[in-house]
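Here is the structure we will look at.
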Amino acid sequence: MTERVAIVGIGTTGFRPITPDVSYRELIFEAARKAYTDAGIEPSEIDGFITAAEDFLEGYSIADEYCPDQIGAVLKPTHTVPGDFLQAMATGFMMVKTGAFRTVAVEAHSKASNMKNISELIGFAMDPIYNRPLRETPHAISALEMTRYLFETCTTPDQCAQVVSKNMGNAMHNPYAAFGAEIESGDVLNSEPVSLPLHRLDIAQHADGAVVVVLADEATARALTDVPIWVEGIGWCTDTPTLEMRDWGEAAYARLAADMAYRMAGITNPVAEIDFAEICDEYSYKELQHMEALRFCMPGEAAHLLETGVTAIDGELPINVSGGALGVGHLFEASGAHKILELVEQLRGEAGTRQIPDVAVGLAQTWRGVPTATGAVAILSNL
Amino acid sequence: MAITEKITNTMKPTFWEGHIPVNYVYTYGHAGEKFFRAIKDKGTFLATYCSACDISYVPPKIYCDRCFTKLDRYIDVGTRGFIETFTVSFMNMDGSRKERPRILAMIRIVGTDGGLIHYIEGIGPDEIALGMPVQAVFKPKGKRTGAIDDIIGFGPVTRGRK
């Protein structure tokens with residue numbers, strides 16, 4: 001089994017609220033072309049390809065059949081993972097680990113602007129017998145979780161709103177981000193109620209974009225690049241789909257996915273050993289809940305770390321320097337991909353005005369969104 | 001190609017508008033059949049119970065999530081519960097605004113590890129609190145079809161009924 005797996009190339013289109021000028025396949029092509037140029041290889045030299053996509057979000061049956069050509073994978077080993085990019089990357093990681101594939105390309109994208117009834121499409125993910133007949137939006141399900149999380153941790157809606165202010169502010173320094181803004185927590189609390197305690201600005205808005213990553217084994221990575229970004233640990237986990245049987249306060253899926261990644265990376269003290277993190281903030285409270293699940297602090301302490309600036313760009317543990325989903329945009333199954341993009345740029349020292357000095361280890365965490373309880377965590381380093 | 005030639009006329013983005021008509025029946029299965037029959041005929045909720053894990057499932061399942069054994073013990077757990085969490089919902093599933101906000105709650109059924117997600121009726125947003133006891137309000141027996149909307153919602157606990 002090969003020792004280490006590295007990211008040797010990455011490419012993206014950046015993220016925009018709408019992309020009427022290109023098809024989703026052209027979007028992916030652009031990201032793929034940039035990734036292969038970044039890695040210094042041609043797709044003919046890549047041994048395997050993985051895409052992350054779901055039929056309903058694509059508007060196709062068997063959407064995976066429409067993947068090969070725009071990533072240069074025609075007549076090559078290719079398959080689709082119907083999950084977040086990090087789950088697809090985990091599969092690529094394992095393929096390289098087997099020794100049978102020296103290089104694997106992993107792709108994820110969002111063409112949210114193609115979906116005319118996006119709210120209902122997401123609603124179709126809910127249980128058709130027990131939940132869907134109520135015709136409630138998935139945001140209401142998140143709001144149920146938010147109420148319980150706030151109750152159990154003595155966190156306030158204003159503290160959640162400060163997450164929005166931080167992340168949209170961070171996005172002002174990220175040229176890829178679609179929703180950068182200088183706003184105050186009061187603006188969030190004064191935006192229209194969607195499902196209280198959730199207001200419109202507590203919820204990440206959708207964006208379009210694509211990301212492609214090239215993974216390689218250690219020998220290939222060292223031949224291709226001077227700055228391989230190593231995948232030190234990766235983990236994923238899914239809780240029961242039965243909403244009625246869940247624990248409504250804690251994100252157990254994220255805690256267990258993180259434990260798996262920490263074990264693999266040999267991390268025993270996450271706060272001391274991780275320099276920065278990109279974590280799921282598709283709803284404002286999720287950033288705080290996920291910080292606790294990742295063992296960055298005890299339950300109920302995340303809001304305090306936020307308010308004391310620990311998670312700010314110049315804090316001890318910067319979180320969502322990219323702007324997160326709130327600032328960059330909600331990218332469906334490409335959510336994990338934008339987090340990996342930020343990790344790679346930071347660890348290469350290519351993050352421009354938002355560069356965090358002297359970073360060596362970064363953590364990316366995703367959640368597949370309501371009503372799922374699936375999370376994934378990856379830990380990357382430049383050491 | 002997309003990288004070198006950009007569409008610059010915003011008045012002429014081109015697309016084909018499609019739609020996918022998808023229709024399903026979603027079978028209840030053994031546990032769902034028993035659960036909805038109990039609602040329709042008796043106005044009560046059934047749970048399945050795993051004695052090995054001491055977990056009771058509402059809605060009932062024919063297997064235990066934890067130890068993966070088959071469950072065939074059904075228990076009448078009554079219609080009372082506690083508000084585990086709630087929200088005041090302003091939006092419908094299609095994204096449109098509701099005519100009036102509704103209180104949606106996760107109700108933990110008393111004595112079980114499960115519950116139901118449903119509306120709260122007869123308790124205002126200012127009166128509601130986590131942990132508050134509630135009980136199910138059903139449609140009149142003749143109008144029940146054996147579905148989740150046989151339940152109108154959960155309201156204040158009244159004396160006498162379980």
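Sequence lines set the chain letters: A, B, ... in the order given, protein chains first and strands last, and positions in each chain run from 1.
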| query | With only heavy atoms counted, which part of A147(B) is less than 4.5 Å from chain A, the side chain, the backbone, both or neither? | reply | neither

| said: The test is salt bridge (charged side-chain N to carboxylate O under 4.0 Å, His left out); show your working for R97(B) and E192(A) and say whether it passes. | reply: CA-CA 11 Å; R97(B) 303 290 289 183; E192(A) 55 267 42; 5.8 Å; no

| task | Compute the ring centroids of H109(A) and F332(A), then answer whether they are less than 6.0 Å apart. | result | no

| query | L243(A), T147(A), L144(A): which one forms the most heavy-atom pairs within less than 4.5 Å of chain B? | reply | L144(A)

| request: Quick one: which of N114(A), I129(A), I118(A), L198(A) has the most heavy-atom pairs under 4.5 Å with chain B, could you say? | output: I129(A)

| query | Is R135(A) salt-bridged to E120(A), cutoff N-O under 4.0 Å? | reply | yes

| task | Tell me, for N117(A) versus chain B, whether the close heavy atoms (under 4.5 Å) come from the side chain, the backbone, both or neither. | result | neither

| message | Under 6.0 Å between ring centres: does that hold for F35(B) and Y57(B)? | response | no

| task | Below 4.5 Å from any heavy atom of chain B, which atoms of F151(A) appear? Answer side chain, backbone, both or neither. | result | side chain

| said: I'd like to know if E145(A) pairs up with K286(A) as an ion pair, taking the criterion as any Lys NZ or Arg NE/NH1/NH2 lying under 4.0 Å from an Asp or Glu carboxylate oxygen. | reply: yes

| message | Given heavy-atom pairs under 4.5 angstrom as the criterion, report whether the side chain, backbone, both or neither of S96(B) touches chain A. | response | neither

| said: With chain B as the partner, which of P128(A), A143(A), G123(A) has the greatest number of non-hydrogen pairs under 4.5 Å? | reply: P128(A)

| request: Look at P101(B), G115(B), G95(B), P59(B) and state which one has the largest set of heavy-atom pairs under 4.5 Å with chain A. | output: P59(B)

| said: With a 4.5 angstrom heavy-atom cut-off, is it the side chain or the backbone of H118(B) that approaches chain A, or both, or neither? | reply: both

| task | Show your reasoning for whether salt bridge (charged side-chain N to carboxylate O under 4.0 Å, His left out) applies to D127(A) and R132(A). | result | CA-CA 6 Å; D127(A) 183 281; R132(A) 227 189 283 165; over 6 Å; no

| request: Can you label the angle between the H290(A) ring and the Y253(A) ring as parallel, tilted or perpendicular, going by 30° and 60°? | output: perpendicular

| said: At a heavy-atom distance under 4.5 Å, which candidate from I103(B), T87(B), L130(B) has the highest pair count against chain A? | reply: T87(B)

| request: Measure from the side-chain N and O atoms of Q70(A) to the backbone N and O of Y66(A), and report whether any donor-acceptor pair falls under 3.5 Å. | output: yes

| said: Tell me which of these, I55(B), V58(B), V22(B), has more heavy-atom pairs under 4.5 Å with chain A than the rest. | reply: V58(B)

| remark: Under 4.5 Å to a heavy atom of chain A? For T27(B) that would be backbone

| task | Decide, yes or no, whether a salt bridge links K61(B) with D65(B) under the criterion of side-chain N to carboxylate O below 4.0 Å. | result | yes

| Given that the side chain runs from C-beta out, which part of I20(B) has a heavy atom under 4.5 Å from chain A: side chain, backbone, both or neither? | side chain

